[in-house]
Amino acid sequence: MDLELFNTLGGRTEPLVPALDNTLRMYCCGPTVYDYGHIGNFRTFLHVDVLRRYARLRGMALKHVMNITDVDDKIIRNANAAGTPIHEYTAKFARAFFEDMDALGVERPEIVARATENIPEMTRLIERLASEDIAYRAEDGSWYFRIAKFPDYGKLSGKDLEGIEDGARVDVDEYEKDHARDFALWKACKAGEASWDTPLGCGRPGWHIECSAMAMKHLGPSFDLHAGGEDLMFPHHENEIAQSESASHVPFARHWFHVRFLLVEGKKMSKSEGNFYTLRDLLLKGYRASAIRFLLLSVPYRHQMNFTFDGLTESANAIERLRTFARRIETARADTSAHADGALSTLIEEKHRTFHAALSNDLNTAEARASVFDVVRAGNIAMDNATISPEQRTAVQQLLQDFDTVFAVLTDRDAESTRHAVEWAKSEGRDAEIASELLTTLSLSSEQIEALIGERNEARRRRNFARADEIRKDLMEKGVILEDGKEGVSWKRK
Ligand code: AMP
Ligand code: ZN
């Protein structure tokens, strides 16, 4: 079974097969580091993370490039307002972005490329376009891309050129250009703005040229896949194609992967609506990073997703259930003599197949996760009746392992993410009370909890019930609930 993905270019679902040595060469548009990342941004990066993790699980090697846009209009405006040089201003938010990605368990791309460190690559690309009269210099020293020279313009988004010419301008800026629809490659320097002295003159790069230059630098003129949120399809990705293919004369990315937008409580997220959340906002409200990750992955990437706080609570409960199950299956007494329930073996096998079929079918994360919960349900019933066999246990653990390679929520790192958020909040003078409370309940690691349970078992064996009760009470205060069952003691977090 191939891994099939919807390709925005052409509008069809197609097998994703790397062109060279089974290595998936992919480029994902990274953040513009002028502020903290919001949960919409992270929806996109999380689904790209699932793509990388699943491709690897399917045996592909990865070469994934992501840019950091560290110079642009908003950055210049904000840095000037803060009275900070732009590199200092962006360094802070780039660092914060990677801390947030770590909290969410998003793997780092193999290559992270910063716009300001790749200016010569960009100017060379513009010079090449200029040599064919595709790029031209306007009177003020800015450079533009002549869209009329690229007949394929619009092939990704399906926008028709005439419509663009008559209608809204592609690139809204105040510079002089031959056609309203031409877009800026290079913006002439202005007082008070960051700029570079280059063969093109003094100025700074446009946003689109940045991605073309860095993608081709690291992945070559043709590569397997390009990703980003749906808002980037037009004009950003359309412009990337136009610039790159005009220079290289070969197809740029073969496969285009776009993640649909996240809504919050049914509305477009915006500061004025009061429904705009950064990851840090949610961590400070006492939500766990794993629950945020799992929720943002619960709806397949091509469907619009509506983020709700109820969803976040359900997601935390779902993870608790999975973690409890994973521990239970590890310690369950697998009965070698028990007559293995054939129906259970078939179910585990079938659901493991469904798990892969779902992810192979355009990364259907919802169906993949549902297949795991079907096994959790059946497995729990089997363990209640003590009918699980060693083979069944191994089969379940293999499924959980594949599941976690992609979803990455079983290992509990929530305390660490919340602790970082609390430290950051304190340094910024923000209220961290709720998150600090959560930290108390998350303060015990699984190992510490298990050690305490061992001590409690030992106390009970010695009939020291006072000590045993004390331990139960201590655990309860730290949010850990014990359940005495016939297979021994199990625990879960509140
Ligand atoms: P930016 O930093 O604004 O360039 O955005 C970084 C990434 O987040 C881009 O791929 C955007 O398309 C994506 N993005 C922005 N807002 C949302 C949203 N509400 N839902 C999903 N992705 C988004
Ligand atoms: Zn880009």
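Start at 1 and go down the list; that is how both ligands and their atoms are numbered. This chain uses plain numbering: 1 for the first residue, then up along the sequence.
Any N or O atom pair closer than 3.5 Å counts here, and G40 shares at least one such pair with ligand 1. For the pair W207 and ligand 1, the shortest N or O to N or O distance does not fall below 3.5 Å. Where the criterion is an N or O separation shorter than 3.5 Å, residue side chain and backbone included, E230 fails it with respect to ligand 1. Remark: ligand 1 and D231 share an N or O pair separated by less than 3.5 Å (distance only, no angle test). For ligand 1, the polar-atom distance check finds an N/O of L262 within less than 3.5 Å of one of the ligand's N/O atoms. Taking only nitrogen or oxygen atoms, main chain and side chain alike, G229 reaches within less than 3.5 Å of ligand 1.
Classification of the F294-F407 ring pair by plane angle, with boundaries at 30° and 60°, yields perpendicular. Between Y153 and F234, the ring-plane angle classifies as perpendicular under the 30° and 60° cut-offs. A tilted orientation is assigned to the rings of H237 and W256, their planes being inclined by 30° to 60°. In this pair, Y277 and F309 present their aromatic rings perpendicular. The plane angle is above 60°, beyond the 30 to 60° band. Ring geometry for F97 against F45 counts as perpendicular: the plane angle is over 60°, on a 0 to 90° scale with 30° as the lower cut. Using cut-offs of 30° and 60° for the angle between ring planes, the H226 and Y27 rings count as tilted.
Contact atoms of ligand 1 toward P31: 2 (O) (distance under 4.0 Å to a heavy atom of the residue).
N364 places no side-chain N or O within 3.5 Å of a backbone atom of P300 that could act as its donor or acceptor partner.
Distance from atom 2 (O) of ligand 1 to its nearest protein heavy atom, with residue and atom name: T32 N, 3.0 Å. The closest protein non-hydrogen atom to atom 9 (C) of ligand 1 is L232 CD1, 3.8 Å. Counting protein heavy atoms only, atom 8 (O) of ligand 1 is closest to N41 ND2, 3.1 Å. In this structure, the protein non-hydrogen atom closest to atom 19 (N) of ligand 1 is F261 CD2, 3.3 Å.
Considering each of D35, T44, I68, the one bringing a non-hydrogen atom nearest atom 13 (C) of ligand 1 is T44.
The nearest pair of heavy atoms linking G192 to N80 is O-ND2, 3.1 Å.
The Zn ion (ligand 2) has no N, O or S atom of H208 closer than 2.8 Å.
Between C202 and C189 the SG-SG gap is short of 2.5 angstrom.
For E433, the CD atom sits in a loose shell: 12 or fewer heavy atoms of surrounding residues, nucleotides or ligands are nearer than 6.0 Å.
Note on ligand 1: V259 sits outside its first shell, no heavy atom being nearer than 4.0 Å. Using a 4.0 angstrom heavy-atom cutoff, H38 counts as in contact with ligand 1.
Expressed to the nearest 10°, the angle at the Zn ion (ligand 2) joining NE2 in H236 with SG in C29 is 120°.
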